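Position 1 is the first residue of the sequence; numbering continues from there. Bear in mind that the values here come from a model prediction, so they are computed numbers and not experimental data. As the structure lists them, so they are numbered: ligands from 1, and atoms in each ligand from 1.
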Amino acid sequence: MAIASWNSRFLTGIEIIDCQHEALFETVNTLADAVKLNNASPRVAGYLEVLARQTQEHFTTEELFLTESRNRQLRSHLEEHRALHAKLLELQTKHAQGGLVSADVALFFAEWFAHHIAEVDMVNGGTNWKPGATPGA
Ligand SMILES: [Fe+2]
Ligand SMILES: [Fe+2]
């Protein structure tokens, strides 16, 4: 069973953000499967790398929207992004040095993304997102 389950309460209405969020859920599930199969496998390092790259791309995109919408909680929102990015880097380093990634790690990401999207990205009913907004427009 997938540990990160996507549902409509995560929809912001901004297509690129919703696609990126959904892709992050898929990668977390793939990472969880790889860890379950063999957490010493190089595939785990590969999926951590994919997750780190997708997360970085997503945060960059999202932060453009958040900055343009002059969101009041921007500072604390960005701090959450930075903390997750740091956690990913720490795990990648640990795994590269022979440390094992436990199943709890995939669960941590599943819970982090579900909580962050529902409670932070969608704060105040999704007012972070200007309808039809395009960064730079
Ligand atoms: Fe997000
Ligand atoms: Fe966010």
Partners passing side chain to side chain contact (heavy atoms under 4.5 Å, CB included) against Thr60 (at least two apart in sequence or in another chain):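 Residues passing side chain to side chain contact (heavy atoms under 4.5 Å, CB included) with Thr60: Gln56.
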
For the residue pair [X] and [Y], establish whether any side-chain heavy-atom pair is separated by less than 4.5 Å.
X: Phe109; Y: Thr55; value: no
X: His116; Y: His81; value: yes
X: Leu84; Y: Phe108; value: yes
X: Ile16; Y: Gln20; value: yes

Using a cut-off of 2.8 Å, how many protein N, O or S atoms sit around the Fe ion (ligand 2)?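 My tally for this metal is 5.
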
Identify, by name, the N, O or S atom of His21 lying closest to the Fe ion (ligand 1).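 Going through the N, O and S atoms of His21 one by one, NE2 ends up nearest to the Fe ion (ligand 1).
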
Under 3.5 Å, is there a donor on one side chain and an acceptor on the other for Glu62 and His58?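 A pair is found: one side chain offers a donor N or O, the other an acceptor, under 3.5 Å apart.
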
